[in-house]
Amino acid sequence: MSASILDRQGRVFDDHHPPEDELISDCVHCGFCLSSCPTYQLWGNEVDSPRGRIYLMKAGNEGTIELDDAFVQSFDNCLGCLACTTACPSGVQYDKLITEVRPQIERHHRRRLPDRVWRAMIFALFPHPDRLRVAAVAGAVYQRTLRPVLVRSGVLGRLPKKLQAMEALLPPVRIGDVMARLPERTAATGPVRRRVGIVTGCAQQVFFHDVNQATVRVLAAEGCEVFAPTHQGCCGALSEHVGREDVALDQARRLIDDFEPLGLDAVVTNVAGCGANIKEYGHLLRDDPVYAERAAAFSAKCRDISEVLDELGPVADRHPINARVAYHDACHLAHGQQVRSQPRAALRTIPGLEVCDIPESEICCGSAGTYNLTNPEPAEQLGRRKVANIATTHPDLIATGNAGCLLQVRRYLAERDDAVPLYHPIQLIDFSIRGVQPRLDPPKKVGAQ
């Protein structure tokens, strides 16, 4: 670290939105956050707890610590799951604090070369749907040809942990779905109750096109005219989550430009991480004289699909699905957006469906944006822990409202003899409206032996 950084008014942070002293002082170090913090639960280290990281922020503002590898590792270990914000009785805004620290780290800390290369590769691919489509097609070929050979030979188990994580998270790929696009406009069934746009996401539109299709069908059945701008890209959530501030803000501006001319009543998300990020556009773009007000207005229109269904109330008939579903709270839905009751209420509109909660629901599954690619070991521990907790409910189905959670939970479910199918909640509602029964047998992993 250069001396000039320490010389800036005695701080290790620069003057562009350092963690605010007022927000830091809200923490009274009571420890209520510890039981909900995934990394503290794994390791029991104070420095890997929310209050421990807040101590580091305070020391950074006071210039009594260096922005070295140990400092950075504490924040890299944080999943940003925001469970601590729910648990905190003092209302500490850890979400804003961590959002302010991570760009500081990216500006002032030079990571080791392997880490820089790995992160550059992730962000050259995942926030770009067209590039991801090409990679997904290659992945489909790999799954059907090379993967069985690598499994039999044991080569997969000898790869670096990060490559193992990326390989294992690749879902079964159907090339038709990978290349498909939503129609730009879908008419409402019956009278138009609301005009909405759908954020198709980056990885979401490539690997979970079926979820996007189900979302559009349900919205149309409930009286919504649905718009899906063709050229929309990443909302910026992946970049914002790791402190790539300039990229995240550019992506936010482009998404606003894509949707704003449509004059919509609501902008609908079906990915928890996207929704949590978009709802913060007003804060993230507060310094932009051109976009600040527009971003705040755009954020105000953002709704998770479960919120829209809750606000509208059901009009489309539902057919029974006689099954027990374990509902997993995606962190950026439950903690980031404070949306908990609406997904459960939406699922309970399905006749015959029993909705059950999961033990330790506040503990992250380990996905956390790109965390399971950059921190595969703790992500694996958390993924196995989540799946073990799910199994105690003895479900017929599992539902969760986030693409990353779907990939993470699916990975560790596939290892178990008691695996069951995994769906986005909107898919189950879509099945019910169409009178289609979901599969109750889990799909096999492509290329598995």
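Computed from heavy atoms alone, side chains included, the values below leave out hydrogens, waters and symmetry copies.
- Q232 contributes a side-chain N or O that, together with a main-chain N or O of P229, makes up a donor-acceptor pair within less than 3.5 Å.
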Q) Where do Y371 and D76 land on the side-chain hydrogen bond (donor to acceptor under 3.5 Å, both in side chains) test, with the steps shown first? A) CA-CA 9 Å; Y371 188 89; D76 282 355; over 6 Å; no

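- Side-chain atoms of N277 do not come within 3.5 Å of backbone N or O of G273 as any donor-acceptor pair.
- The closest donor-acceptor contact from the side chain of N375 to the backbone of P378 lies at 3.5 Å or more, if one exists at all.
- The existence of a salt bridge linking R244 and E106 is excluded, since no basic side-chain nitrogen approaches an acidic carboxylate oxygen closer than 4.0 Å.
- Side-chain atoms of H424 come within 3.5 Å of backbone N or O of I426 as a donor-acceptor pair.
- Q408 contributes a side-chain N or O that, together with a main-chain N or O of A379, makes up a donor-acceptor pair within less than 3.5 Å.
- By the 6.0 Å and 45° rule, R102 does not stack over the aromatic ring of F75.
- Of the possible donor and acceptor atoms, one in the side chain of S299 sits under 3.5 Å from a partner among the backbone N and O of I278.
- Contact of the T99 side chain with the E240 side chain is registered, since non-hydrogen atoms from C-beta on lie closer than 4.5 Å.
- Using a cutoff of 4.0 Å between basic side-chain nitrogens and carboxylate oxygens, R344 and D329 are scored as salt-bridged.
- Under a 3.5 Å cut-off, the side chain of D48 and the backbone N or O of T39 do not form any donor-acceptor pair.
- Looking at R384 and E415, a side-chain N of the basic residue comes within less than 4.0 Å of a carboxylate O on the acidic one, giving a salt bridge.
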Q: Start with the C-alpha gap between Q342 and S306, add the side-chain angles, then the distance that decides, and say whether side-chain hydrogen bond (donor to acceptor under 3.5 Å, both in side chains) holds.
A: CA-CA 5 Å; Q342 296 93 327; S306 65; 5.4 Å; no

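- K162 places a side-chain heavy atom less than 4.5 Å from the side chain of W118.
- A distance of 4.0 Å separates CZ of R324 from SG of C356, quoted to the nearest 0.5 Å.
- One finds no salt bridge joining E222 and R194 here, because no Lys/Arg side-chain nitrogen approaches an Asp/Glu carboxylate oxygen to under 4.0 Å.
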Q: Would you check, one step at a time, whether the test side-chain contact (heavy atoms from CB on, under 4.5 Å) holds for V267 with R303?
A: CA-CA 6 Å; V267 175; R303 297 286 188 279; over 6 Å; no

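- For the 3.5 Å distance criterion, the side chains of T215 and N270 qualify, holding a donor opposite an acceptor.
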Q: Carefully, step by step, assess H335 and T85 under the rule side-chain hydrogen bond (donor to acceptor under 3.5 Å, both in side chains).
A: CA-CA 7 Å; H335 306 304; T85 62; 5.5 Å; no

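- Between R253 and D257 there is no salt bridge, since no side-chain N of the basic residue sits under 4.0 Å from a carboxylate O of the acidic one.
- For the pair R254 and D258, the salt-bridge criterion is not met [side-chain N within less than 4.0 Å of a carboxylate O].
- Residues H332 and H241 bring their aromatic ring centres within 6.0 Å.
- Using a 4.0 Å cut-off between a side-chain N of Lys or Arg and a carboxylate O of Asp or Glu, R348 and E354 do not qualify as a salt bridge.
- Between the side chain of R340 and the backbone N or O of A334 there is at least one donor-acceptor pair closer than 3.5 Å.
- Classification of R217 and D430 as a salt-bridged pair holds, one side-chain N sitting under 4.0 Å from a carboxylate O.
- Between R193 atom CZ and L312 atom CG the span is 4.5 Å, to the nearest 0.5 Å.
- S49 contributes a side-chain N or O that, together with a main-chain N or O of G52, makes up a donor-acceptor pair within less than 3.5 Å.
- Ring-centre distance between F431 and Y423: below the 6.0 Å cut-off.
- Of all heavy-atom pairs spanning G366 and N372, the tightest one is O-CB, 3.5 Å.
- Formation of a donor-acceptor pair under 3.5 Å by the Q337 side chain with backbone atoms of A272 is found in this model.
- At a threshold of 4.0 Å, the pair D95-K279 does not count as salt-bridged, since none of the basic side-chain nitrogens sits closer than that to a carboxylate oxygen.
- The pair R185-E225 meets the salt-bridge criterion, since a charged nitrogen lies less than 4.0 angstrom from a carboxylate oxygen.
- Checked by atom type, the side-chain pair T400/N402 shows no donor-acceptor distance below 3.5 Å.
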Q. How far apart are the C-alpha atoms of E380 and Y412, what are their side-chain angles, what is the distance that settles it, and do they pass the side-chain hydrogen bond (donor to acceptor under 3.5 Å, both in side chains) test?
A. CA-CA 8 Å; E380 179 177 344; Y412 297 106; 4.6 Å; no

Q: Let me see the working for C405 and C365 under side-chain contact (heavy atoms from CB on, under 4.5 Å), right down to the final yes or no.
A: CA-CA 7 Å; C405 298; C365 70; 3.9 Å; yes

